[in-house]
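Side chains included, hydrogens not; waters and symmetry mates left out as well; all remaining heavy atoms used. Bear in mind that the values here come from a model prediction, so they are computed numbers and not experimental data. Naming convention: chains lettered A, B, ... in sequence-line order (proteins, then strands); numbering from 1 in each chain.
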There are 2 protein chains.
Amino acid sequence: MQKAASLKDVARLAGVSTATVTRVLHNNGYVGEETRARVTSALKETGYQLNVVAQSLRKQQTRTLGHLLNTITRNPFFAEVALGLEEQALQHGCNVFIYNVQASAERERLGVETFIRRRTDGIVFTSPVDPANVELAAKAGIPVVQVDWLARVDHNAVLVDNEVGAIEAMEHLFALGHQRIGFIGADPARFRHSADARPSVAEQRLSAYRKSLAAMGIAADEALVQIRPYYYSLDERDAAEGYAGMRELLTLEQRPTAVFATCDILAAGALQAVHDAGLRVPDDISVIGFDDTYAARLSPPLTTVALPMREIGERAADLVFRHMPPPSDAASEPDIVTLPSRLAIRGSTAAPVSQ
Amino acid sequence: MQKAASLKDVARLAGVSTATVTRVLHNNGYVGEETRARVTSALKETGYQLNVVAQSLRKQQTRTLGHLLNTITRNPFFAEVALGLEEQALQHGCNVFIYNVQASAERERLGVETFIRRRTDGIVFTSPVDPANVELAAKAGIPVVQVDWLARVDHNAVLVDNEVGAIEAMEHLFALGHQRIGFIGADPARFRHSADARPSVAEQRLSAYRKSLAAMGIAADEALVQIRPYYYSLDERDAAEGYAGMRELLTLEQRPTAVFATCDILAAGALQAVHDAGLRVPDDISVIGFDDTYAARLSPPLTTVALPMREIGERAADLVFRHMPPPSDAASEPDIVTLPSRLAIRGSTAAPVSQ
DNA sequence: TGCTGATATGTCATCGATGACATATTGGTT
DNA sequence: AACCAATATGTCATCGATGACATATCAGCA
């Protein structure tokens, strides 16, 4: 409960000046053998712990990152990103401030202002809500990194190529022999930010589905495309949408032999629908998911497009540090890193029964 | 990119002293009508943002909490707690530093020291690894709150009554008419911290299972108790353990009509085992889980003991603030808050088929 | 002897905000 | 006229660490 010792206290105890204590602490400059010993023992005795607040003020650097998380309640994807970010920040001696934005542009703005006032050395936006807020941070001179999605290419970003991932998923199904492939996904319109913004994740996955079919010369059948209202709530609501989507597909006169769901929760709901219809996965119908949230790793195991979540966070941290002043060399140009996804083949996909 | 304006800059622009600017900023003391206007417009013009670092140094208060998370990779339980904590901290104008401990006592110590150096106003341990680290923080005079588990009762804590929760789960099964109830759970021995420490979560749930049976006058049958090695990894490994545990139970000559699993992932694996054995839940066998992670909310929906995760985080924040200096009144005594769990009855439990 | 460079240590302004204190100007009261 | 309280604003030490700079000592060398 005694207030913490300051440099001055240590200096007094050791009978030296504060400058000498600093020199011992950081092991630079000249310090006599005997003096060093006295200071060291004084440090021990007082239980001195550096005051990082004072240090930050003096050095004009807080060794702190701000992480704006667009949680949309519980999203394991983002939690994993946060972990990677924190891990990597630690490597650089930085700590991370968490700020849950909850899909609100207003809260996101508050978060940015908080971080500006706290003089964080960088800000990471995981799924930015409003591009204007990214701009706000950048204008304050703080290095900014966007994760998962970006509206424009003016700033650093760590992305996943959703299109490639989706195409690989489709090609996996093609390779197994599927031709009639259903789609269950979120409504892209709900996630469009502005007319000139880059396509949303939902849009990318849907368009990749269409492109894949076209590339295979398979005629598009809109009856196979189930666009569902929810996305990213990641609980029973979304599972229910996946369930409903699959139900629709199963009632088709000529039902699909495989279904591509744009996220694991939708896929999980879809699996249940198959099961409840008295059919079996993957014998009667294959299901493939996206994201590799651990919903995919439970039972039954789901084939899915795995995103390197941890690594995304790590790379985001790296980008921040590359752009911290003084900007390392040419680091004034925005860096855009795109990481590959990986197809995790589990038990929910197999060759179709020949008809 | 221009460095941020300071109070002095604003003062100069407005032609007043820094004291006056402070008064305008915090709206206290006397400020003339016309002066206020000049200052206000100077604030606007410079885009002034308070330097919280300097403020913290001066006020000897950082408005910052440290959150030590014993993640053990991805645990949605803790993520939800973190959210509640952050949310509530925000209400008090505080931001939260995240620190992932990854089950390492050494890393936990580093985290505590980091927070001491950063002079956080409080530290929350979610599932502390080593009680000594809690002590370390407390000795530095920082209010400490333990979440989920505590070794001794010397410090504040927010807990859930695992025993009551488990008993309610058992009583739910009894009420449905089950008598022969299996158990699948973690090995308590793996989670014992020290001889004199309070029982671990795993121990509490197991002993509640035994007590419930005894209270009903049902003879204990150790063949029904499946103690499995893993716990809290929350991925396919744990699901596999649940699967294996259920397999064992199903091969019993007289198999249980219901199974109590001490976490949802074990339960999820168990469900799969039932399914693969050609049996149906809940028709042939009931399964009940614990925690209400969203593994329970997918498909098929799982009856489970729901923990108020968000609220746990919120209460933890409250406790920190109650114990921040000056300690509010009698708040020098440790506060131990125990929150109730809630039985979330979903589709995985039903009356047994009469035999 | 006097000079140089290496070694050793102290002084102090600085980072930016705060608030106690001092000072100055009112209008109103006895 | 003298005084007081309310109003208005400025001065400056302080929080703690840092590092530029000044100073001091000493060994080695010309």
Side-chain angles (χ1 to χ4, degrees), chain A residues 2-40 42-43 46-64 93 116-121 140-141 325, chain B residues 2-40 42-43 46-64 93 116-121 140-141 325:
Chain A
Q2 70 298 343
K3 68 188 166 307
S6 74
L7 262 196
K8 211 187 276 182
D9 300 322
V10 177
R12 191 177 314 118
L13 184 60
V16 296
S17 73
T18 59
T20 301
V21 181
T22 299
R23 280 188 279 260
V24 172
L25 268 181
H26 301 304
N27 202 32
N28 57 12
Y30 295 109
V31 179
E33 203 52 36
E34 196 254 358
T35 309
R36 163 166 278 121
R38 272 206 335 276
V39 171
T40 306
L43 285 169
T46 54
Y48 176 78
Q49 288 280 19
L50 178 67
N51 185 328
V52 176
V53 176
Q55 188 186 50
S56 297
L57 176 60
R58 170 63 214 237
K59 289 204 167 179
Q60 295 291 305
Q61 208 208 51
T62 56
R63 301 256 101 197
T64 274
I116 292 178
R117 282 195 289 269
R118 291 215 178 259
R119 302 293 194 265
T120 63
D121 295 336
Chain B
Q2 69 298 341
K3 65 189 169 307
S6 75
L7 262 195
K8 211 188 274 184
D9 299 323
V10 176
R12 191 176 317 120
L13 184 61
V16 297
S17 73
T18 59
T20 300
V21 181
T22 300
R23 281 188 278 258
V24 172
L25 268 181
H26 303 301
N27 203 30
N28 57 11
Y30 295 110
V31 179
E33 203 52 35
E34 196 255 357
T35 308
R36 163 166 277 120
R38 262 193 358 263
V39 171
T40 305
L43 285 169
T46 56
Y48 175 78
Q49 288 282 18
L50 178 66
N51 185 327
V52 175
V53 176
Q55 187 186 49
S56 297
L57 176 60
R58 170 63 214 238
K59 289 204 168 178
Q60 296 291 305
Q61 209 208 50
T62 55
R63 302 255 99 199
T64 274
I116 292 177
R117 282 196 289 269
R118 290 214 178 262
R119 302 293 194 268
T120 63
D121 295 337

The single option from Leu7(A), Leu25(A), Thr35(A), Val10(A) passing side-chain contact (heavy atoms from CB on, under 4.5 Å) against Thr20(A): Thr35(A)
Separation of dG19(D) C1' from Leu25(A) CG (nearest whole Å): 14 Å
Separation of atom CG in Asp9(A) from atom C1' in dC15(D), rounded to whole Å: 12 Å
Here the pair of heavy atoms bringing Arg63(A) nearest to Arg118(B) is O-NH2, 2.5 Å
Within this structure, what is the CZ-to-P distance between Arg63(A) and dC15(C), rounded to whole angstrom? 21 Å
Out of dA17(D), dA17(C), dT9(C), which has the shortest distance to the side chain of Tyr48(A)? dA17(D)
Heavy atoms under 4.0 Å, any strand shown: does Thr20(B) hit a base, just sugar-phosphate, or nothing? sugar-phosphate
Hey, is the main chain of Ala42(A) close enough, under 3.5 Å, to the side chain of Thr46(A) for a donor-acceptor pair? yes
Take the protein atom CG of Leu7(A) and the nucleotide atom C1' of dC15(D), then report the distance between them rounded to whole Å. 13 Å
Among the candidates dT7(D), dT7(C), dC15(C), find the nucleotide nearest to the side-chain atoms of Leu57(A). dC15(C)
Distance-only donor-acceptor test (3.5 Å): side chain Arg23(A), base dG10(C): yes
Taking only side-chain nitrogens and oxygens of Tyr30(B), does any of them come within less than 4.0 Å of OP1 or OP2 of dT7(D)? yes
Can a donor-acceptor pair under 3.5 Å be found between the side-chain atoms of Arg119(A) and the base atoms of dG16(C)? no
Closer than 4.0 Å, any side-chain N/O of Gln60(B) to the OP1 or OP2 of dG16(D)? yes
With respect to the side chain of Val16(B), which nucleotide from dA17(D), dG10(D), dT11(C) is positioned closest? dG10(D)
Let's see if you can work this out: which of dT9(D), dG19(D), dA17(C) has an atom nearest to the side-chain heavy atoms of Ala54(B)? dA17(C)
Which whole-number value in Å describes the distance from Lys8(A) NZ to dA13(D) C1'? 11 Å
Looking for any heavy atom pair under 4.0 Å, which part of the strands does Ser6(B) touch: base, sugar-phosphate only, or nothing? sugar-phosphate
Scanning both residues in full, the closest heavy-atom pair of Thr22(B) with Asn28(B) reads O-OD1, 4.5 Å
So, for Ala4(A) and Asp9(A), which heavy atoms are closest and what is the spacing to 0.1 Å? O-OD2, 4.3 Å
Testing dG16(D), dC12(C), dT9(C) for proximity to the side chain of Thr18(A), the answer is dC12(C)
If I take atom CG in residue Leu43(B) and atom P in nucleotide dG16(C), what distance separates them, rounded to the nearest angstrom? 16 Å
Looking only at dG16(D), dA17(C), dA8(D), the nucleotide nearest the Asn51(B) side chain is dA17(C)
Taking atom P of dG19(D) as reference, at what distance in whole Å does atom CD of Gln61(A) sit? 11 Å
Flag, side chain of Arg38(B) to backbone of Ala14(B), donor-acceptor distance under 3.5 Å: yes
Starting from the 5' end of DNA chain D, give me the residue, His26(A) or Lys59(B), whose nearest nucleotide shows up first. Lys59(B)
Tell me the interatomic distance from Gln55(A), atom CD, to dA17(D), atom P, rounded to whole angstroms. 9 Å
Assign each of Val31(B) and Leu50(A) to its nearest nucleotide of DNA chain D by heavy atoms, then name whichever residue's nucleotide is nearer the 5' end. Val31(B)
Quick check on dT9(C): is either OP1 or OP2 less than 4.0 Å from any side-chain nitrogen or oxygen of Thr35(A)? yes
